[in-house]
Structures are given as C-alpha cells and as structure tokens.
2 protein chains.
Amino acid sequence: MARPKEFNPDEVLDKAMHVFWHKGYEATSMEDLLTAMDLNRGSLYDTFGDKRQLFLKVMDRYCTTLVGSKFSLLDQPGPALPKLRQFIFGMVEGALADPQRRGCLIANTVMELAPHEKDIAGKGSQVMKMGEDAFFRILARAKAQGELGPDKDPRTLARFLTTMMQGTIVMIKAGASADTVKQTAETAFSILD
Amino acid sequence: MARPKEFNPDEVLDKAMHVFWHKGYEATSMEDLLTAMDLNRGSLYDTFGDKRQLFLKVMDRYCTTLVGSKFSLLDQPGPALPKLRQFIFGMVEGALADPQRRGCLIANTVMELAPHEKDIAGKGSQVMKMGEDAFFRILARAKAQGELGPDKDPRTLARFLTTMMQGTIVMIKAGASADTVKQTAETAFSILD
DNA sequence: CATATTATGGAACGATCAGTCAACAATAAA
DNA sequence: TTTATTGTTGACTGATCGTTCCATAATATG
C-alpha cells in the first residue's frame, strides 16, 4: 500500500556491491553509494539502514548471487574431481577477467576489517568456512568414488585448497600475470594426484 | 644546528607502523597516529609529510626491520630446504603468535588499497615480487645442491610458495586455528618432496 | 474524493577528517 | 650574548564524513 518504491532494491544493492568491491568498506563514502545507486539519502537509509547494515546486506547478496550459486554446483552428483577443477579454474579465470582486478569481496573484507571490525570481518570468516566445507564434501565424495587416493585426507585438502584460493586472490590483486596465476593454480591442484 | 628533535624518528615510526598494521590505512586517523606516536601535528607533518607519505615510510620500515632481515637469511650458504622450511614456519608461527592476528602489513595493504590506490598498493606488490625472488634463489640453489628433484621448477615453486604464504595470512586473519594453519602449511610444503 | 501510508528529495546537523599556521621555545653558531 | 635556525604546541581551517529530519509527492484504501 501507499507510494511504491521507484527503484528495485536488489538492483541498487548490486550497484552498492560493485562500489564496495572496488574501493573497500572505509574508502567508500555514502556519497559514492548514493551516486552509484542513484538514490537520495532518505530512500537509502529507509531501505537499507546505515552504512554498516548496507554493507552486511551487500555481503549477503554477494554470497547469494556470486558465490553460493557456484559452490552449490559442487554438490551435484557425478565425477567429483573434474567438477572441483572446473570450479577452481572458473573462479581464477573470473577474477582474472575483471579488468579492475577487484579480487573477492569476502577476502577483501576480511583483510581490510580484521581484526579491528570483528563483526563484519567475522561474517566474512563464516563464508570462508562454508567454502571450506563445500570443498570438504566434494573431496570426501571424490575419495568415496575412488577418484582420490585412500591416503588423502579430505579435510586437510579442503583447507589447503581454501588457503590456496585466498592466496590466489591476493596475487591477482597484487597484479600477477594471468599466466603465472593459472600455472600456480595448476601446481596447487596437482597435490590431489 | 638549531633545536634538536625531542623524539627518535625511527621509534615513532614503529609506533605508527603498529597502528596502521592494526587498523589499515583508511581506518587510521591522524589523531590515532598522533596519540600513538605521542607527537604534535607540526612535528609529524614536518618530519614525515602527510598521511600517505608517512604510510609509505612505514611500509619501508616494515620491510627493513621485519621482512628484509628474515628474507636475507635465505641467501646464506648451507642446506637450502631446511632453511626455507624454517623461514616459512617461522613466519607462520610469528603471525599466529600475534594476539591481534594482524597478518602482514604488506598483504593487508595490497588487499585494502588495490585497485583504487594504485601507488601504495603497487609498492606492496613490489615487495611481494622481492619475496618471490628470494624463494626462487633458494629453490634454485636447492636444486643445484641436489636437495630438490630435477623435475621441479624453482620459479613455479617460488610462485606457489608465495601464493600459499599470502593465503595463509588471509586464513590467519580470518581466525583459523593455529593447528589447522600449521597443518595446511605442512601440506603445502610437502609439494617440494 | 478523502485519508492514511509510504517514498522522495534535499537541506541541515554535529562530528571528524587531513592539513596549515603562527606564536613560542630551545639549541647552535657567531 | 646576540642571532639564526629548527622544533614544539595547539588553535584553527575548510572539506567531508555519516546521519537525521521534514516538507512534499505519490499511491492504496475506504
């Protein structure tokens, strides 16, 4: 009832996401966000709350639209290791394809806001843990299906891949060449052999 | 000649370093720095310039006092791989021993300020390249001394270890337990076998 | 059409930001 | 002891920060 919003909340949330992704939390001003989202102050604060609340909603949306959908592919039946390989290299290619090399919003957030903004950084850590668990599940399945040697430990390897993925994000943001990043990912993945 | 400074520039630079290390670049205010360094504004601006220049000097000091000294140990003669192993686990233990889990100032900087503050982030990237080169030198030496298999490529492995180290920093800031971090480092290091 | 409800737009708020400046203090050189 | 030079101190600046608020506009309901 009453006057309807003139904007789509998810759409403008995406706009906000790209600003935070590019500049990080602190360096992004409400002014930046208002401009990018093409909103006035009242609409933004009424709909999303203050900067912190908006950022938390942006993190949620980032996970839903960009992370979760890809991770959920890992849980589909079928050969596990090829799927895992496809996931990892898809992530790497995706991050390299971004001309701005913004990396990953979650990793950026943990690195910028831990340890002095524990609430927000903690949310990022939770997401990473979920990623590790997704890796664990597919590696456990790979082992059960005989794709992974019986001497390999899925939990250890899941942590290794998670660490490697975060390190790859750092190297991409640091400007490493696409070739070296991909070759390094290949080296890391070879640990599953 | 004339009136001498009442403070030791290196000492107060260390104080500034710890503030930036804890809160990052943007979240650190000049007020924070003045308090920690126990200086007045005039002294700070006269001695170190503005916030950006101060931060660049802090990065230099961080590299000189905390990074460079440890990396230079790698170039000393003797068995290479044990030295490399000692370096990596020393780094990991050191980062884990920090009760605040501040990670590494260089990695923090690259992650916070790339891509929107290219000057500062670029300086961080250079430092990472130097680290990779130090890894390369000791791995090349390890190969020459027969400690590393002839099928192993020092440059590829140097990039792998660099990536792994950065990932480890992320996981430490994300709050991973000391045990899992160390076990993951062990897994990564096993790639040299 | 009248009324209640929600959205919009923008002025305005106090706080804090990074940075400047000038009066004053302390030392070295003459 | 005088003078030149540098350091210290804190008040001050204009800009920008995140946030609030209210008059106005638009829609849904009765």
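Quick note on labels: first sequence line is chain A, next is B, and so on, each numbered from 1.
A straight line from CG of B:Asn8 to P of D:dG7 spans 14 Å, rounded to a whole angstrom. Look at CZ on A:Phe55: it is 17 Å from P on D:dC17, rounded to the nearest Å. To the nearest angstrom, P of D:dC17 lies 11 Å from OH of A:Tyr45. Taking atom CG of residue B:Leu44 and atom C1' of nucleotide C:dT20, one finds them 13 Å apart after rounding to whole Å. Between A:Glu6 atom CD and D:dA25 atom P there is a gap of 13 Å when expressed in whole angstrom units. Atom CG of B:Asp46 is separated from atom P of C:dC21 by 12 Å (rounded to the nearest Å). At whole-Å resolution of the value, CD in A:Gln53 and P in D:dG18 are 14 Å apart.
Residues A:Thr47 and A:Lys5 have side chains that bring a donor and an acceptor to within less than 3.5 angstrom of each other. A donor and an acceptor atom, one from each side chain of B:Asp75 and B:Ser72, are nowhere located under 3.5 Å apart. Side-chain contact, A:Asp193 with A:Ser190: no donor N or O sits under 3.5 Å from an acceptor N or O.
Within the model, atoms CZ of B:Arg52 and CG of B:Leu54 stand 12.0 Å from one another, a figure rounded to the nearest 0.5 Å.
Residues satisfying the side-chain contact (heavy atoms from CB on, under 4.5 Å) criterion with A:Asn8, sequence neighbours excluded, are A:Asp10, A:Glu11.
B:Phe135 has its ring centre less than 6.0 Å from the ring centre of B:Phe71.
A salt bridge links B:Arg85 with B:Glu186; the closest basic N to acidic carboxylate O contact falls under 4.0 Å. Contact check on B:Glu31 versus B:Arg41 returns a salt bridge, with a Lys/Arg side-chain nitrogen under 4.0 Å from an Asp/Glu carboxylate oxygen.
For the pairing with A:Asn108, the side chain to side chain donor-acceptor pair (under 3.5 Å) check across A:His22, A:Lys23, A:Arg102, A:Lys173 returns one residue only, A:Lys173.
With hydrogens and angles ignored, no donor-acceptor pair closer than 3.5 Å exists between the side chain of B:Arg3 and the base of C:dA26.
Listed nucleotides D:dG7, D:dT19, C:dG19 differ in distance to B:Lys51; the shortest reach to its side chain belongs to C:dG19.
A heavy atom lying under 4.0 Å from DNA chain C marks the following residues of residues 15-32 of chain B, by number: B:Thr28, B:Ser29, B:Met30. The stretch residues 33-43 of chain B touches DNA chain D through B:Asn40, B:Arg41, B:Gly42, B:Ser43, each having a heavy atom within less than 4.0 Å of the strand.
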